[in-house]
Amino acid sequence: MQKAKVGVLISGRGSNMAALLYAAKADDCPYEIVLVAANDPDAPGLALAAAEGIATFGQSHKGMKRAEFDAVIDAQLRAAGADYVALAGYMRLLSPEFVAGWENRMLNIHPSLLPRYKGLDTHQRAIDAGDAFAGCSVHIVTAELDDGPVLGQTPVAILPGDTADSLAARILIAEHQLYSRTLAAFVTRERQPDWLLNKVREIALAQPQAEETLSHGMPCFGIAKGKKFAWVSRDHHGDGITALLVKTTAPDEQASLIEMDPDIYYRPAYFGDEWIGIRLDRGENDWDHLATRIRASWRQVAPKKLLGLMDIAEEF
Ligand code: GRF
């Protein structure tokens with residue numbers, strides 16, 4: 001299994017980073033930590049990571065502009081080969097450039113049940129509000145602070161007599177479990193059949209007059225009252241494969257694609273010579289290319305009249 005490479009950013013003790021790192025020691029963990037970086041060279045978490053044999057980087061942000069410092073961290077992450085970033089107690093607001101550069105690739109853990117209590121002092125605010133439960137959330141990082149889509153949460157009961165510290169200590173136990181579990185699910189989500197189907201669905205249904213149906217247990221997309229142009233094969237007859245089936249655009253294209261890359265392309269059973277199976281479950285998918293394929297397949301089956309209208313529309 002190819003493991004996703006994760007860079008972790010910390011500012012202090014780094015207990016969440018440690019939890020991610022220890023979870024990553026399991027053979028079946030789908031991610032590995034390739035760098036732990038901090039905006040404080042003395043952050044205790046850096047020494048811990050180094051002792052575990054992980055590459056570290058520590059530099060103070062003092063005296064630097066936000067975007068300038070973020071560019072230094074960004075360069076370290078890229079040099080380490082990180083595919084994802086996990087913020088773990090990183091006490092810095094991030095520049096828009098940095099956030100944009102890791103769009104949908106950066107997670108954060110926050111000690112509250114978002115959307116409640118963004119920002120600081122979350123534990124005291126939950127106690128003061130008389131909440132029965134506090135907790136923690138892992139979310140995708142977007143430009144707005146503590147605001148991106150929530151991927152996972154653990155509620156933690158507030159006990160009578162809880163102080164901010166006693167509550168924080170209990171929530172931290174939940175954080176350590178939630179973060180590695182959520183990160184593992186996140187880095188593998190693009191291989192999950194449901195996620196892949198949704199992605200194909202988005203592209204297919206954006207084609208003119210497209211509709212979705214189910215045939216032979218496979219979700220498929222066709223032109224309303226017309227022919228089908230895309231199928232998604234999910235574990236068909238237990239083959240364990242998730243693939244996109246589309247029409248080829250030239251004779252012999254099926255054979256040449258399979259010859260070019262037999263790990264990705266295959267001849268879909270019962271579909272004949274004019275269709276090609278494209279594996280979606282191999283990790284890296286080029287979605288621009290797949291969208292081009294789906295559009296080309298749509299054109300193969302679209303009635304002449306509709307194609308003519310499309311061509312006229314495209315000229316304008
Ligand atoms: C955690 O409570 C986390 O939720 C918040 O900052 C704290 C970091 O603690 N974002 P640690 O450095 O991971 O121990």
Side-chain angles (χ1 to χ4, degrees), residues 6-25 31 33 35-52 54 56-61 70 73 77 84-94 98-99 102 105-128 131 133-159 162-184 186:
V6 178
V8 186
L9 303 187
I10 63 169
S11 291
R13 73 189 156 179
S15 73
N16 275 289
M17 176 278 295
L20 293 179
L21 193 162
Y22 299 146
K25 291 191 177 195
Y31 68 82
I33 309 280
L35 176 74
V36 175
N39 61 320
D40 172 1
D42 299 323
L46 286 182
L48 186 155
E52 293 288 352
I54 309 285
T56 60
F57 176 79
Q59 184 181 313
S60 170
H61 58 273
D70 285 359
I73 298 291
L77 288 164
Y84 296 90
V85 177
L87 304 180
Y90 190 57
M91 301 304 280
R92 296 274 303 154
L93 292 174
L94 299 167
F98 186 85
V99 174
W102 293 96
R105 299 259 171 238
M106 180 158 53
L107 304 189
N108 180 40
I109 185 149
H110 183 74
S112 80
L113 295 175
L114 290 171
R116 266 181 282 176
Y117 314 126
K118 297 176 180 179
L120 298 174
D121 281 334
T122 54
H123 311 99
Q124 191 60 51
R125 285 154 72 198
I127 293 170
D128 292 348
D131 293 352
F133 283 88
C136 50
S137 310
V138 172
H139 65 96
I140 298 179
V141 177
T142 54
E144 203 79 14
L145 180 71
D146 299 332
D147 193 59
V150 172
L151 300 172
Q153 290 187 313
T154 307
V156 173
I158 299 181
L159 300 180
D162 250 340
T163 61
D165 284 349
S166 64
L167 179 58
R170 234 168 31 257
I171 291 178
L172 199 60
I173 298 171
E175 288 183 34
H176 294 163
Q177 297 177 42
L178 178 70
Y179 209 177
S180 56
R181 180 158 41 88
T182 311
L183 178 61
F186 187 71

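Indexing begins at 1, ligand by ligand and atom by atom, following the structure's order. As a basis for the values below, the full set of heavy atoms in this structure was taken, side chains included, without hydrogen atoms, waters or symmetry mates.
- No salt bridge links K118 with E144; every basic N to acidic carboxylate O contact stays at or beyond 4.0 Å.
- Of the residues listed (I109, V138, V156), the one engaging E175 in a side-chain contact (heavy atoms from CB on, under 4.5 Å) is I109, and it is the only one.
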Quick check for students: name every N or O atom pair between ligand 1 and the protein closer than 3.5 Å, with distances.
from     : atom 1 : to   : atom 2 : distance (Å)
ligand 1 : 2 (O)  : E175 : OE1    : 3.3
ligand 1 : 2 (O)  : E175 : OE2    : 3.1
ligand 1 : 4 (O)  : E175 : OE1    : 2.7
ligand 1 : 4 (O)  : E175 : OE2    : 3.2
ligand 1 : 9 (O)  : R13  : NH2    : 3.2
ligand 1 : 10 (N) : I109 : O      : 3.0
ligand 1 : 12 (O) : G14  : N      : 2.9
ligand 1 : 13 (O) : S15  : N      : 3.3
ligand 1 : 13 (O) : N16  : N      : 2.9
ligand 1 : 13 (O) : N16  : ND2    : 3.0
ligand 1 : 14 (O) : R13  : NE     : 2.5
ligand 1 : 14 (O) : R13  : NH2    : 3.4
ligand 1 : 14 (O) : S15  : N      : 2.8
ligand 1 : 14 (O) : S15  : OG     : 2.5

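- Here the side chains of L120 and M91 are in contact, with some heavy-atom distance below 4.5 Å.
- Shown here for P41 and L46, the closest heavy-atom pair between the two residues is O-CD1, 3.6 Å.
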Exercise for the section: Begin with the C-alpha distance, continue with both residues' side-chain angles, and end with the deciding distance and a verdict on side chain to side chain donor-acceptor pair (under 3.5 Å) for N39 and S11. Expected result: CA-CA 6 Å; N39 61 320; S11 291; 2.8 Å; yes

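- No side-chain donor-acceptor contact under 3.5 Å links H110 and T122.
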